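Owing to the predicted nature of the structure, the values given are computational and were not obtained by experimental measurement.
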Amino acid sequence: MVPTLRSVPEFTPFRRQNMSTVAVTDDTFDAEVKNSDIPVVVDFWAEWCGPCKQIGPALEELAAEYGDKVKIAKVDVDSNPNSAAAMGVRGIPALFIFKDGQVVSNRAGAAPKAALQSWIEESI
């Protein structure tokens, strides 16, 4: 079946922006993470990392589900080594939850979406 104009969901740039993860750099880390008004899950990852790619879709889904309740941020460690070093990241994926500017929980390695969601819920 060929989709018709009526069957294609309407594209709303603003809505899509609020439903996805946020790319954070060394320069924006404090503003996006430490100074956030809502809890932030930070995923330290790299393009070449298989487990990082494995959890990427789950994090995107969780970002959509949490909306403006929780921000999910991604920091590419190859492009932003200072943030990773400041957090003591030695392996990826490394996940941290910040609340009120402080780390309240962290974990390393890939996990299924349900486990990630449970960890987030317990931490916030």
Side-chain angles (χ1 to χ4, degrees):
M1 179 174 127
V2 176
T4 65
L5 189 54
R6 288 187 186 134
S7 68
V8 177
E10 185 177 324
F11 175 72
T12 309
F14 182 73
R15 187 170 154 229
R16 274 178 118 19
Q17 185 177 14
N18 285 340
M19 293 183 1
S20 63
T21 58
V22 177
V24 174
T25 66
D26 286 341
D27 293 335
T28 63
F29 192 86
D30 285 351
E32 290 285 351
V33 177
K34 292 185 177 181
N35 298 331
S36 178
D37 293 335
I38 60 173
V40 183
V41 176
V42 181
D43 172 27
F44 288 93
W45 72 285
E47 186 64 38
W48 48 263
C49 169
C52 298
K53 288 183 176 183
Q54 209 172 16
I55 65 170
L59 292 174
E60 289 291 336
E61 289 175 18
L62 290 169
E65 291 170 16
Y66 282 116
D68 60 1
K69 181 181 172 191
V70 176
K71 182 188 302 185
I72 300 189
K74 296 179 70 73
V75 178
D76 181 341
V77 297
D78 289 334
S79 302
N80 303 285
N82 295 337
S83 297
M87 296 304 302
V89 173
R90 293 176 177 248
I92 54 174
L95 299 151
F96 292 80
I97 297 180
F98 283 78
K99 191 172 180 183
D100 299 322
Q102 301 295 316
V103 174
V104 294
S105 186
N106 69 300
R107 67 182 296 154
K113 179 184 172 187
L116 293 171
Q117 187 169 17
S118 176
W119 172 65
I120 293 168
E121 291 293 329
E122 291 170 6
S123 301
I124 61 169

[X] and [Y]: which non-hydrogen atoms are nearest, and at how many Å?
{"X": "A110", "Y": "P93", "result": "N-CG, 3.9 Å"}
{"X": "D78", "Y": "A46", "result": "OD2-CB, 3.8 Å"}
{"X": "A84", "Y": "V77", "result": "CB-CG1, 3.8 Å"}
{"X": "L59", "Y": "I72", "result": "O-CD1, 3.7 Å"}
{"X": "V40", "Y": "A73", "result": "CG1-CB, 4.0 Å"}
{"X": "K99", "Y": "S123", "result": "CD-O, 4.5 Å"}

Tell me whether [Y] is reachable from [X] by hopping between hydrophobic residues (I, L, V, M, F, W, Y) whose side-chain heavy atoms are closer than 4.5 Å.
{"X": "V104", "Y": "V42", "result": "no"}
{"X": "V24", "Y": "V89", "result": "yes"}
{"X": "V22", "Y": "F98", "result": "yes"}
{"X": "F29", "Y": "V103", "result": "yes"}
{"X": "I97", "Y": "I38", "result": "no"}

Distance check, rounded to the nearest 0.5 Å: [X] atom [atom1] versus [Y] atom [atom2]?
{"X": "D27", "Y": "N80", "atom1": "CG", "atom2": "CG", "result": "8.0 Å"}
{"X": "Q54", "Y": "W45", "atom1": "CD", "atom2": "CH2", "result": "14.5 Å"}
{"X": "N106", "Y": "M87", "atom1": "CG", "atom2": "CE", "result": "7.5 Å"}
{"X": "D76", "Y": "S83", "atom1": "CG", "atom2": "OG", "result": "11.0 Å"}
{"X": "L116", "Y": "L95", "atom1": "CG", "atom2": "CG", "result": "6.5 Å"}
{"X": "W48", "Y": "I92", "atom1": "CH2", "atom2": "CD1", "result": "4.0 Å"}

For D43, run the salt bridge (Lys or Arg N to Asp or Glu O under 4.0 Å) check against K53, K71, K74 and tell me which one passes.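 So, applying the salt bridge (Lys or Arg N to Asp or Glu O under 4.0 Å) to D43 and each of K53, K71, K74, only K74 qualifies.
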With distance as the sole criterion, is a donor-acceptor pair present between the side chains of E32 and S36 under 3.5 Å?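 No, no side-chain donor-acceptor contact under 3.5 Å.
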CA sep, side-chain torsions, deciding dist, call: Q117, I120, side chain to side chain contact (heavy atoms under 4.5 Å, CB included): CA-CA 5 Å; Q117 187 169 17; I120 293 168; 5.7 Å; no
Checking T28 side chain against A31 main chain: does a donor-acceptor pair fall under 3.5 Å?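 No; zero donor-acceptor contacts below 3.5 Å.
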Is it the case that the side chain of D26 and the backbone of N82 share a donor-acceptor pair, with hydrogens and angles ignored and the cut-off at 3.5 Å?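 It does hold such a pair.
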For atom [atom1] of [X], decide whether the heavy atoms of other residues, nucleotides or ligands shown that lie under 6.0 angstrom number more than 12.
{"X": "D30", "atom1": "CG", "answer": "yes"}
{"X": "Q102", "atom1": "CD", "answer": "no"}
{"X": "K113", "atom1": "NZ", "answer": "yes"}

